Amino acid sequence: MSKGTLFDKVWEAHTVGVLPSGQTQLFIGLHLIHEVTSPQAFAMLRERGLKVMFPERTVATVDHIVPTENQARPFVDRLAEEMMVELEQNAKENGIRFYNIGSGNQGIVHVIAPEQGLTQPGMTIACGDSHTSTHGAFGAIAFGIGTSQVRDVLASQTLALAKLKVRKIEVNGELRPGVYAKDVVLHIIRKLGVKGGVGYAYEYAGTTFQNMSMEERMTVCNMSIEGGARCGYVNPDDVTFDYLKGRDFAPQGADWDAAVDWWHSIASDADAEYDDVVVFDAAEIGPTVTWGITPGQGIGVGETVPDAASLAEEDRFVAEEAYKYMDLAPGSAIQGTKVDVCFIGSCTNGRISDLREAAKVAKGRTVAEGIKAFVVPGSERVKKDAEAEGLDKVFEAAGFEWREAGCSMCLAMNPDKLVGRQISASSSNRNFKGRQGSSSGRTLLMSPAMVAAAAVTGQVTDVRELL
Amino acid sequence: MSQVTQVNGRGIPLVGDDIDTDRIIPARFLKCVTFDGLGAHAFEDDRQQLNGEHPFDQTQYQGAEVLVVNRNFGCGSSREHAPQAIVRWGIKALVGESFAEIFFGNCVAMGIPCVTASAEDVKALQTAIADNPQITLSLDLTAMNMTVGDRTFPVGMGDGPRQMFVSGTWDACGQLVAQKEQIQTTAAQLPYVSWKVSA
């Protein structure tokens, strides 16, 4: 059993008590909600005559269903409009802070909470969204929950949970040029598998993570869930504190100094004990692309689609399914695979630094003929900052569309969708069958810079050739 | 609050690893403000592609109540719409090699047990059901085993959630709310709750 890790300390500090079942009643410091997984939770509260116990500890925004082109109300999609109205009413009736479209603060829930300083070290954070693991980048224990649990948090600000084990994933060394945080996490999932993290919290440690910016750390923590780990975190350090200082919800004055002291104290001890430790070398990691239907089916851009026989026995069934669905034969090169749509955005890679890296590749080049390429900033703030730097102009000059903030084609609950058998190069997090809005559509996951490289060449390309 | 100690019913085998919640209920069906009607759309795209050959469409499995799956079932999105769709189709319990964490937690909160069994036992169970779809499966959460025909094998579940089923406290909401005073005490001890912020 782990001891002295950040996970242990934060768990302990938030433990309300032990329930008769033996599970922990855990206090949730920050609850984030959005339009998709909250309406039924509010309905359950009403049915039971319960009120929101700590309305000031819940923050709402709208992201999954928002159109990224025409955002005029009412939305063209009647169902999307209905969900929007429901969230607006629920927030109003319950005194919950709500960042609506046009507020200047709306965006993907996992982009806006960090950028406003709502996400802080040492907190427990829950949201009805599996990519809540993103917030672990700050040294928070952050995880996704379902709607009945959203109800529980609204009603009591707590959850009934069993403690997780802790696996330290150490990556050491400098990343080679053209290799990004996205490649690091795709590499980890490739090696540990999509269910390797079930039952674990992942602690990302080692010099590679220490040298990452907060946004890079968010990309890695975001995809913890794709490796089966409900939460993943990085211990807070000066990079964390520098990022937080001065943000809207960051502590101020004397509270800031007290906060930094507390944040230092909750980091994992040097002699902390872990349930498991895995070590990788950053030099082994190259630009990575998925070829299959799970995020674990990734390969280096220069590699070929693996033969089922070369895989562990338990991975062969899904590999066979993936060859068929993706129409990619084992032994074929992933590089040179023609794509139809290029999507830059999402809670994984829709932040300003992601757009900058993609813009570097797009600058002075042109989107290849027949390719639809679009950039969706993760939030209204990211959009504004990008425009102030002229990134929108770089993308538009290259032939990319520049959109409004939202989840967009990551899960296609809005007008942004693949059509038929189209293949996308996507900076998002899931390549599941049908994920991007067409039941036969195909997704290749990669870094934003690699997506930009695919856009300007029309095919999967090693971004290092364009840098 | 109802205790869940036993589930008896016919089974439905769904063979495959890493079946994610996007496949269980595609995102377009999440455009709703209630869970009503989701049952009809469980596995919609997989079913369309299999043209009537998906177990959820096969006549011999209609009315089944125990879903038998393989490895890492329910991975991906946290959408409770996924277990809600399965349950509204008629499922009351799941047996599998392993389950994704959030999916499992959602099922607990809905009073739907997900128990694990060895790969061999799961495969044998899937075969037994395919051979005789009328056979009754008996899941016992007290003895922690599954009986099918003359065969009984052990099943697993964490002790916390198991207790919640057998004691009838799987809907934790009331229990959690009842601790209001203790919740406030815990909150007051957290440094960040009282920090001054500019926003």
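Naming convention: chains lettered A, B, ... in sequence-line order (proteins, then strands); numbering from 1 in each chain. The model shown is predicted, which means the values in this text are computed figures rather than measured ones.
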Hey, does the side chain of A:Arg430 reach the backbone of B:Gly76 with a donor-acceptor pair shorter than 3.5 angstrom?
yes
Whatever's closer than 4.5 Å to a heavy atom in chain B on A:Val194 counts as both
For the pair B:Glu44 and A:Lys433, find out whether any cationic side-chain nitrogen is under 4.0 Å from an anionic carboxylate oxygen.
no
Is any side-chain N of the basic residue among A:Arg151 and B:Asp171 closer than 4.0 Å to the acidic one's carboxylate O?
yes
Is A:Ala412 close to chain B through its backbone or its side chain, or both, or neither, when contacts mean heavy atoms under 4.5 Å?
neither
Sort A:Ala13 into side chain, backbone, both or neither according to what part of it lies under 4.5 angstrom from a heavy atom of chain B.
both
So, the part of A:Phe317 with a heavy atom under 4.5 Å from chain B: the answer is side chain
Test item: A:Arg230 side-chain N/O and B:Ile102 main-chain N/O as donor-acceptor pair under 3.5 Å:
no
Spell out, as yes or no, whether a donor-acceptor pair under 3.5 Å connects the side chain of B:Gln163 to the backbone of A:Pro20.
no
Per-residue contact mode, B:Leu190 against chain A (heavy atom under 4.5 angstrom):
side chain
Given heavy-atom pairs under 4.5 angstrom as the criterion, report whether the side chain, backbone, both or neither of A:His14 touches chain B.
both
Counting only heavy atoms closer than 4.5 Å, note whether A:Leu161 contacts chain B via side chain, backbone, both or neither.
neither
Aromatic ring pairing B:Trp195/A:Trp263, orientation class (parallel under 30°, perpendicular over 60°, tilted between)
perpendicular
For A:Leu159, is it the side chain, the backbone, both or neither that has a heavy atom under 4.5 Å from a heavy atom of chain B?
backbone
In terms of heavy-atom proximity below 4.5 Å to chain B, should A:Ile145 be classed as side chain, backbone, both, or neither?
backbone
Given heavy-atom pairs under 4.5 angstrom as the criterion, report whether the side chain, backbone, both or neither of A:Met53 touches chain B.
side chain
Are B:Lys31 and A:Asp77 within salt-bridge range, i.e. N to O under 4.0 Å?
yes
Would you say A:Gln149's side chain and B:Ala109's backbone share a donor-acceptor pair under 3.5 angstrom?
no
Which bit of A:Ala162 is near chain B, if near means a heavy-atom gap under 4.5 Å: side chain, backbone, both or neither?
neither
At a heavy-atom separation under 4.5 Å, does A:Glu321 approach chain B through its side chain, its backbone, both, or neither?
side chain
What part of B:Asp17 gets closer than 4.5 Å to chain A, counting heavy atoms only: side chain, backbone, both or neither?
both
Partner residues of A:Glu82 under the side-chain hydrogen bond (donor to acceptor under 3.5 Å, both in side chains) criterion, sequence neighbours left out
none
Among residues 120-130 of chain A, residues within the sub-4.5 Å heavy-atom range of chain B, in order of number, are A:Gln120, A:Gly122, A:Met123, A:Thr124, A:Gly128, A:Asp129, A:Ser130
Between B:Glu80 and A:Ser148, do the side chains contain an N or O donor and an N or O acceptor separated by less than 3.5 Å?
yes
At a heavy-atom separation under 4.5 Å, does A:Thr158 approach chain B through its side chain, its backbone, both, or neither?
both
Taking every non-hydrogen atom, the tightest pair across A:Ala160 and B:Met164
CB-CE, 4.1 Å
Answer with side chain, backbone, both or neither: which region of A:Phe54 has an atom nearer than 4.5 Å to a non-hydrogen atom of chain B?
side chain
Between B:Val193 and chain A, which part of the residue has a heavy atom less than 4.5 Å away: side chain, backbone, both or neither?
both
Need one label for A:Thr132: side chain, backbone, both or neither, based on atoms under 4.5 Å from any heavy atom in chain B.
neither
